[in-house]
There are 2 protein chains.
Amino acid sequence: MAITLFIVDDHYMVVEGIRSLMQAEQGIEWIGHASTAASCLAFLQSRQPDVLLMDINLPDQSGIDLCQQVKTLYPQVFVIGLSTFNQVSFIQKMLDNGASGYLLKNAGSSEIMQAIDTVMHGRQFLSIEAASVVRQSGLAAGQPVLTRREKEVLQLIAEGLTNTEIADRLYISASTVDTHRKNLLQKLQAKNTAALVKIAMDHQML
Amino acid sequence: MAITLFIVDDHYMVVEGIRSLMQAEQGIEWIGHASTAASCLAFLQSRQPDVLLMDINLPDQSGIDLCQQVKTLYPQVFVIGLSTFNQVSFIQKMLDNGASGYLLKNAGSSEIMQAIDTVMHGRQFLSIEAASVVRQSGLAAGQPVLTRREKEVLQLIAEGLTNTEIADRLYISASTVDTHRKNLLQKLQAKNTAALVKIAMDHQML
DNA sequence: CATAAAATCCCTCAAAAGCGGGATGCAGCA
DNA sequence: TGCTGCATCCCGCTTTTGAGGGATTTTATG
């Protein structure tokens with residue numbers, strides 16, 4: 001019995017690349033692809049693949065959210081996240097939302113096959129590069145987790161507001177904003193606001 | 001005589017996708033691919049394609065720079081930029097550096113063929129989506145152009161250095177750094193440093 | 001209900017950024 | 001030769017931040 005495979009990715013070249021790579025493989029049945037989260041969900045209503053390769057960047061909603069929806073509706077489907085290298089900060093979120101693995105888009109056919117095989121056995125698969133970056137960046141230890149308020153303050157800082165302006169916007173005192181700011185600097189290990197924004201952008205927090 | 005094609009992209013799936021799409025086409029000869037700027041330049045020493053598809057994000061250096069080098073060394077090679085949709089701010093730079101066209105990674109084979117055909121005739125080709133985004137975002141009017149010094153200062157600001165630290169690093173006075181900082185704020189229409197870094201990141205300047 | 005985490009607020013003081021000027025030297029160019 | 005853009009440097013003054021604290025109230029959660 002062949003393993004059925006479905007792909008969600010809005011980049012046609014990537015879809016075509018995987019199809020081409022998988023065509024040569026025994027035991028893999030390509031049952032289709034979608035370029036949006038909506039059309040993916042529509043397809044799944046009629047048929048579910050064993051393994052679902054899912055890009056993190058989709059035009060209508062993020063793969064993170066789609067992953068959660070899919071796993072809620074069809075827990076038996078194994079989801080493998082797919083993205084380019086600079087989006088590794090999403091890996092943890094993806095796994096938190098039920099994904100079984102993570103592939104970088106420079107993976108070759110053997111790595112894809114290995115990923116499919118691993119997740120079909122109920123284990124987790126990470127691209128070697130992904131895994132190493134996770135280790136390097138300390139993501140495995142959980143990337144700095146910001147509270148709701150801290151995220152709000154961070155967002156407004158990045159928009160160029162000062163503490164007092166942020167205070168007005170959030171109906172709190174400037175001192176409080178300052179405290180949040182200090183905590184942000186500490187959590188993200190930033191020397192000052194400029195570095196804070198840079199690091200936050202690098203971690204896709206903005 | 002078939003048109004020779006070479007690809008630089010660090011995502012194997014994309015390379016494979018294009019190869020698969022092009023294999024079915026008449027008159028296209030795939031002469032190879034590279035995953036880094038360095039290996040691309042090495043290949044070009046021995047052989048030059050008619051058309052060079054080039055990803056903008058490469059591991060060792062940006063496609064923007066590579067494009068300029070390639071066009072300097074081999075002006076007869078037509079370069080077509082390749083990237084995903086959120087990197088459109090690079091399109092103008094790519095074209096400035098001598099690229100003849102721009103394809104988004106969700107292009108299908110007909111669009112790729114059309115692009116190759118168009119640039120081989122010496123004309124410019126933009127993906128419809130790319131063209132529309134260029135119009136929308138006013139990129140065609142040219143995004144703010146920074147001087148060499150301003151770029152250096154911007155980089156160091158984003159790393160969290162203060163004016164005096166930057167001054168030490170660049171062997172200039174803190175006052176000068178301050179002037180560059182003022183000019184950066186003005187050019188990028190930023191209210192303060194935080195917004196400056198955010199905007200710079202949005203424009204892929206960092 | 002106890003406890004921890006989050007959110008709130010306050011203080012001081014030094015350092016840095018931001019604002020609004022002005023000014024000089026130098027290179028490329030019409 | 002005069003113009004323009006770039007890079008360099010300086011002044012005074014205000015605002016904002018960053019680095020130390022300390023403290024209280026809310027809100028989850030076992």
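Chain naming here is simple, since letters A, B, ... match the order of the sequence lines and numbering starts at 1 in each.
Think of the region where chain A sits on DNA chain C: with heavy atoms and a 4.0 Å cut, that region ends 5' and 3' at C/dA6 to C/dC10.
Annotation: of the two residues near DNA chain D, A/A190 and B/E150, the 5′-most nearest-nucleotide partner is B/E150.
Applying a 4.0 Å cut-off to non-hydrogen atoms, the residues of residues 163-182 of chain B that approach DNA chain D are B/I172, B/S173, B/S175, B/T176, B/T179, B/H180, listed by residue number.
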Going through the distances and angles, do A/K105 and A/H11 end up as a side-chain contact (heavy atoms from CB on, under 4.5 Å)? CA-CA 11 Å; A/K105 285 191 182 173; A/H11 297 121; 3.6 Å; yes
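Distance check: B/C40 SG to B/I7 CD1 gives 11.0 Å after rounding to the nearest 0.5 Å.
The side-chain contact (heavy atoms from CB on, under 4.5 Å) search around B/M22 returns B/L5, B/I18, B/E25, B/I28, B/S109, B/I112, B/M113, B/I116, not counting sequence neighbours. In this structure, B/Q48 has no side-chain hydrogen bond (donor to acceptor under 3.5 Å, both in side chains) partners at least two apart in sequence or on a different chain.
Rounded to whole Å, the distance from CG on A/N192 to P on D/dG18 is 6 Å. As rounded to whole Å, 14 Å separates atom C1' of D/dG5 from atom CG of B/L146. Look at CG on B/L184: it is 13 Å from C1' on D/dC6, rounded to the nearest Å. As a whole-Å value, the separation of B/L185 CG from D/dT15 P is 18 Å.
Nearest heavy-atom pair, B/L82 versus B/V14, reported as atom, atom and distance to 0.1 Å: CD2-CG1, 4.5 Å. When all heavy atoms of B/Y74 and B/L41 are compared, the pair lying nearest together is OH-O, 4.4 Å.
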Protein-nucleotides 25-30 of chain D N/O pairs closer than 3.5 Å?
none

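Taking the six-membered ring where tryptophan is involved, the planes of A/F6 and A/F43 are essentially parallel, since the angle between them stays under 30° and well short of 60°.
Rounded to 10°, the angle separating the first-five-pair axis and the last-five-pair axis of the helix from C/dC1-D/dG30 to C/dA30-D/dT1 equals 60°.
Residues B/L146 and B/L154 have side chains in contact (heavy-atom distance under 4.5 Å, counting atoms from C-beta outward). A heavy-atom distance below 4.5 Å is found between the side chains of A/K198 and B/M201. You'll find the side chain of A/V153 stays beyond 4.5 Å of the side chain of A/N183, heavy atoms only. A 4.5 Å side-chain heavy-atom check between A/P49 and A/I3 finds every atom pair outside the cut-off. Using a 4.5 Å heavy-atom cutoff, the side chains of B/T4 and B/R47 are in contact.
Under a 4.0 Å N-O distance rule, the pair B/R169/B/E165 does not qualify as a salt bridge.
Distances shorter than 4.0 Å separate some side-chain N or O of B/T147 from OP1 or OP2 on D/dA7. For B/R149 and D/dC6, the shortest distance from a side-chain N or O to OP1 or OP2 is not below 4.0 Å.
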